[in-house]
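Small disclaimer: the values here were computed from a predicted structure and weren't measured. Proteins come first, then strands; the chains are lettered A, B, ... in the order of their sequence lines, and each starts at number 1.
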Amino acid sequence: MSAELFSVFYQFADVFAFLILSAAGLAIVFGMMGVINMAHGEFIMCGAYVTVGLVNLGVPLPIAQILAALTAGIIGMIVELLIVRRFYKRPLDSLLATWGLSLIVTQSMLLIIGSAVRGIGTPEGSFAIGGYTFSTYRLVLFVCAVAVLGGLYIIFMKTRFGVIARATMQNAAMAKALGARTGRIYSISFGIGTALAGLCGALYAPTMTLIPTMGATFVVESFVTVVIGGANVLLGTAPAAVFLAMIRMALNASYGQIIGQIGMLFAVILIIRVLPEGLSSVLVRRGR
Amino acid sequence: MLKLLDGPQTLGRGKIFWSCFLAVLAGALIYPLFADSYDVGNFAYFLIWIFMALGLCLMWGYGGMLSFGQTFFFGIAGYGYGVLAINMGGGTATIAALVLSVVIAMIAAGILGYFMIWGGISGIFFGIVTLSATLVLAFFLGQTAGPEWHIGPARLNGFNGMKGMDPLTVGDFDIEGSALYYLMIALIVIVYVALRMLVNSSVGNVIVATRENPQRAEMLGYDVRKYQLLTFVIGSGLAGLSGALYTSWGQFITPSSIGLPAAAMPIVWVAFSGRNDLTATLVGSFLLLFGFQTITVYSQQAALVLMGVLLLATVMLAPQGFVLGIGKLVVDWWTRRGRRDEAPALADASRLQSDET
């Protein structure tokens, strides 16, 4: 019995980790600046490629993953400086600009690197409970997802940067008037967002085939999680991921991956009809 | 009725504009007499996408609804045409398949639009939901390779693409080559003129008012959601028309005509051209499609990189769109030149007046 229970938890954890890791970076940028970074998938791809490249050079996997996340973060800050910065007052245009960037990056990668790169295998290791065996790495991913949520909580709730960042999220003009360097806050949070995207790619790199268009695998999940979560990242993303993961897990288990994804989309469209501002709007109202 | 052609919502009015329009049309009509049939067929091929661009221009430029998912409807109608044409048999039934598949795309748009518009989502979310629907459809069609995925005798075939449907046919006559080309030209003129009349009518004015300020339009007594849904359904129906024509042209469609790079294309055309004007969209999309076609011969990837660069450059340098911007410069220059001729006369008149007092 406990084996079945654990199996259900394991499947839930798998989908939950995927949703949280792919959406966290997007959610921060969206929550801070109201900008959806359409090149999010490309930062994920960047994280994955850097990880695989470093591992092939002989760097141990965990260190390669951290370096990959940092690389994505730094590239993200450069992109913010060169492109995104000009569009804070025109969020729809920033969407188009980042989409243009996404097209450029994906297709250039296809031109330069070609379609496939030699991957690295999933780290070995599995454990058995009852009659089932489970892959350890999937649990590592779940732990990482929880750690990301915990880390974000600490950054935004316990640090001085977090206080200023939340003030910027609520009212950027007011925060600026009170002396917060909103420009720098934006730059750093965009960096955190893309670093998290890079981390997602780095963590999933051992489990999937590397192709330049791999970002698209994550795009739907990350977008719908953010849309369902709503503008308040700290309150919205995690509950949204829990909710979607349950729907998806149930459908995956009984009907397979495709129905799982289609069902999730239907759920999202239905939820939007009822809660246009996302889950966080309800939670915020309850909290007051 | 004809007054609607020259209304406030469209640029390009008066005798000069319409003379140019007729000249271009005449050029288009006699083109097949001079070119070889292969080129004419290619031309017809890229005219297919003009409808999707015009539809997006209506939704985005006039209605303020940026849909990233135009290829969703393109795909539904494209696959719809294939399935229907195979199931209903070839011949004249293909015309019915074309019409029906566009209707199916419009019904799909009605359902998706109902949930989004009545759910009150707008701006960024509108794009995200339509894009997600598009990607899920592409993903779904991509895994339909097995023989169990079929509708009647029509196999969906996954990434290998669906094939085996008849081209558009009337009786025993295949509409191909220059016949297809003339059909395209006729459809484009009809759609362009009809859209011009729509946006200049009172309905069009409400659509633009909703774009400018939904609350204000609502206060004036219009149920803006109905107008938005109407815009969405028409725009998506046009994307569907493109899709059905695409499948009938090549007798072939794959999920890659729905996925991410394909979904970016209509946005690039319309953004580059200038989303606020139908004529600018028509001209700009035509130029871009022509250019894209030329470059794709050398490298598909390079062409897509260039599209990305164009989108980025448009948003950063000319948010209104390049074609519209250049068009406005020309018009400004023209009117300023006109005024300069009048200016001395005006000066004389005012001197006369001051003398009298």
Which atoms of B:L306 approach chain A - backbone, side chain, both or neither, heavy atom under 4.5 Å: neither
Close side-chain approach of A:P91 to B:I124, heavy-atom, < 4.5 Å: yes
Spatial distance of atom CG (A:L103) from atom CE (B:M265) [nearest 0.5 Å]: 5.5 Å
Aromatic ring proximity B:F115/A:F266, centre distance under 6.0 Å: no
Non-hydrogen side-chain atoms of A:L111 and B:S299 separated by less than 4.5 Å: yes
Within-4.5 Å side-chain heavy-atom neighbours: B:V268 and A:W99: no
B:F68 CZ to A:M38 CE distance, which is reported to the nearest 0.5 Å: 4.5 Å
Region of B:A303 that comes under 4.5 Å of a non-hydrogen atom in chain A: neither
Stepwise side chain to side chain contact (heavy atoms under 4.5 Å, CB included) check, A:V220 with B:L131: CA-CA 8 Å; A:V220 172; B:L131 181 65; over 6 Å; no
Trace of the side chain to side chain contact (heavy atoms under 4.5 Å, CB included) decision for A:L92 with B:F126: CA-CA 11 Å; A:L92 265 178; B:F126 201 88; over 6 Å; no
Side chain / backbone / both / neither for B:L66 at chain A, heavy atoms under 4.5 Å: side chain
Side chain / backbone / both / neither for B:I267 at chain A, heavy atoms under 4.5 Å: side chain
